[in-house]
Protein chains: 2
Amino acid sequence: MTTNLTEPRTCSVARTLEIVGEKWALLAVREVFLGNRRFDEMVRKTGAPRDTMTARLKTLVAAGVLERQPVSAHPPRFEYRLTQAGLDLYPVIISLMQWGDRYLTNGEPTPMVLTHSCGHTLGAVTTCSSCGDPILARDVRPTPRREKDNDL
Amino acid sequence: MTTNLTEPRTCSVARTLEIVGEKWALLAVREVFLGNRRFDEMVRKTGAPRDTMTARLKTLVAAGVLERQPVSAHPPRFEYRLTQAGLDLYPVIISLMQWGDRYLTNGEPTPMVLTHSCGHTLGAVTTCSSCGDPILARDVRPTPRREKDNDL
DNA sequence: ACCAGTAAGTCCGATAACTGGACGTACAGG
DNA sequence: CCTGTACGTCCAGTTATCGGACTTACTGGT
């Protein structure tokens with residue numbers, strides 16, 4: 001019973017996907033990054049069913065990715081804003097977008113251009129925080145850690 | 001009819017998620033990155049229903065993310081391998097993992113440690129390919145592009 | 001030859017999730 | 001009073017996912 005690297009693997013990718021992996025969740029987050037913080041806008045820009053959008057926003061708020069704030073009391077109006085955790089999802093959005101730009105544009109121009117404050121069109125490179133080099137899968141060695149099984 | 005920035009927004013994030021956004025898809029890819037290239041292994045390590053795994057692998061192969069290769073003809077056995085497009089999903093996996101490590105570990109150690117070839121534990125930073133600075137959402141200005149609508 | 005085991009799926013009935021649209025409520029503006 | 005907008009909820013129909021049993025094709029032992 002010592003080879004207990006649990007069988008459905010415990011993994012941060014899986015945990016993250018439990019929150020942002022449901023349909024429409026990341027598109028809602030994308031819209032907030034693009035400045036569309038209101039329910040109806042998100043519905044329109046993503047194409048998600050209102051019902052589903054409601055459910056996703058609830059999950060995202062509960063998970064601490066978004067905050068729901070009233071912006072007007074008297075026509076009761078709300079905004080969804082990114083928390084720090086939400087802002088930290090930017091690399092996820094960017095890398096998904098980058099991949100789509102690379103492999104799914106079918107020769108046509110990319111649907112959206114991002115301009116970085118340095119003045120150039122944004123290209124994202126995921127780098128190692130220690131050495132600064134771009135991260136390639138073959139340069140990374142994974143070591144699963146034992147579950148804290150109650151072995152005193 | 002000129003304000004045609006299409007209503008369900010055309011977007012590379014959405015396009016990418018159509019391929020890798022279904023349940024279990026990215027976990028299957030994760031397993032291949034971890035070296036588990038066989039059907040049964042992926043089922044065991046992810047916990048996905050066999051049925052669903054079959055469907056996901058078909059989609060991923062059709063999309064050019066994975067390749068299904070026979071590794072033995074006579075007990076008929078197969079391996080799923082990453083194509084270049086698949087390898088380029090590494091930043092997506094890494095950034096999802098990093099977020100989970102940061103926000104979903106509940107004080108406990110991270111379930112997996114990645115060691116970079118530089119000798120240090122991997123921390124990923126998404127940087128601008130032009131200036132090298134870490135990318136923050138507030139430093140990026142998005143410009144949607146007009147659909148190629150058949151004007152003129 | 002027979003039995004057990006493994007790999008890679010397929011098949012199935014039950015449950016859960018998503019879908020599109022109608023509807024409700026609360027207000028503003030004319 | 002009537003229209004319009006924002007933010008949802010509700011519902012019935014469709015689709016997806018679930019877990020487990022089953023199939024096919026072998027290998028290796030006894």
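Computed from a predicted model, the values in this text were never measured in an experiment. Naming: A, B, ... by sequence-line order, numbering from 1 per chain.
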Handout entry: Under 4.0 angstrom between A:Trp24 side-chain N/O and C:dT19 OP1 or OP2
Key = yes

Problem - Contacts of A:Pro142 that satisfy side chain to side chain contact (heavy atoms under 4.5 Å, CB included) - sequence neighbours left out - result: B:Leu34, B:Met112, B:Leu114

Problem - Pairwise side-chain hydrogen bond (donor to acceptor under 3.5 Å, both in side chains) hits with a residue in residues 120-142 of chain B, at least two apart - result: none

Please output the side-chain donor-acceptor pairs of residues 59-68 of chain A that fall under 3.5 Å, not counting sequence neighbours, one pair per line with the distance.
| from | atom 1 | to | atom 2 | distance (Å) |
| --- | --- | --- | --- | --- |
| A:Thr59 | OG1 | A:Ala55 | O | 3.0 |
| A:Glu67 | OE1 | A:Gln69 | NE2 | 3.2 |
| A:Arg68 | NE | A:Tyr80 | OH | 3.3 |

Completion exercise
Nearest heavy-atom approach of B:Val13 to A:Met97 is CG2-CB, 3.6 Å

Handout entry: Same apolar cluster: B:Met53 and B:Leu89, side chain cutoff 4.5 Å
Key = yes

Practice task
Check side chain to side chain contact (heavy atoms under 4.5 Å, CB included) between B:Ser95 and all other residues, then give those that pass, not counting sequence neighbours.
Solution key: A:Pro91, A:Val92, A:Ser95

Could you list all N or O pairs between the protein and nucleotides 12-14 of chain C that sit under 3.5 Å apart?
| from | atom 1 | to | atom 2 | distance (Å) |
| --- | --- | --- | --- | --- |
| C:dC12 | N4 | B:Asp51 | OD2 | 2.6 |

Handout entry: B:Lys23 side-chain N/O to C:dA17 phosphate OP1/OP2 under 4.0 Å
Key = no

Exercise for the section: Provide, to the nearest angstrom, the distance between the CD atom belonging to B:Glu18 and the P atom belonging to C:dC18. Expected result: 16 Å

Problem - Set of residues satisfying side chain to side chain contact (heavy atoms under 4.5 Å, CB included) with respect to A:Lys45, sequence neighbours excluded - result: A:Glu31, A:Asn36, B:Glu7, B:Arg9

Handout entry: Close side-chain approach of B:Thr16 to A:Tyr103, heavy-atom, < 4.5 Å
Key = no

Mind listing the N/O atom pairs, protein and nucleotides 21-26 of chain D, below 3.5 Å?
| from | atom 1 | to | atom 2 | distance (Å) |
| --- | --- | --- | --- | --- |
| D:dC26 | O5' | B:His74 | O | 2.8 |
| D:dC26 | O5' | B:His74 | ND1 | 3.4 |
| D:dC26 | O3' | B:His74 | O | 3.4 |

Exercise for the section: With the side chain counted from C-beta on, respond yes when A:Met42 and A:Leu57 share a heavy-atom pair under 4.5 Å apart, and no when they do not. Expected result: yes

Handout entry: B:Arg44 side chain near B:Glu41 side chain, heavy-atom distance below 4.5 Å
Key = yes

Problem - Sub-4.0 Å heavy-atom contacts from residues 52-69 of chain B onto DNA chain C, ordered by number - result: B:Thr54, B:Lys58, B:Arg68

Exercise for the section: Verify the ring-centre separation between A:Phe33 and A:Tyr90: is it less than 6.0 angstrom? Expected result: yes

Practice task
Sorted by first residue and then second, give each ring pair (Phe, Tyr, Trp, His ring centres under 6.0 Å) pair with at least one member in residues 45-67 of chain A; sequence neighbours left out.
Solution key: none

Practice task
Write down the atom of B:His116, the atom of A:Pro134, and the distance for their closest heavy-atom approach.
Solution key: NE2-O, 4.4 Å

Exercise for the section: Indicate whether OP1 or OP2 belonging to C:dG9 is found under 4.0 Å from a side-chain N or O atom of B:Tyr80. Expected result: yes

Fill in the blank from the handout: In this structure, CG of B:Leu122 is separated from CD of B:Gln98 (nearest 0.5 Å) by 7.0 Å

Exercise for the section: Mind listing the residues from residues 27-42 of chain A sitting with a heavy atom below 4.0 Å of DNA chain C? Number order is fine. Expected result: none

Problem - Angle between terminal axes - the helix from C:dA1-D:dT30 to C:dG30-D:dC1, 5 pairs each end, rounded to 10° - result: 10°

Exercise for the section: Please state how far atom NZ in A:Lys45 lies from atom P in D:dC7, giving the value in whole angstrom units. Expected result: 13 Å

Exercise for the section: Not counting sequence neighbours, which residues clear side chain to side chain contact (heavy atoms under 4.5 Å, CB included) with B:Pro49? List them please. Expected result: B:Trp24, B:Thr52

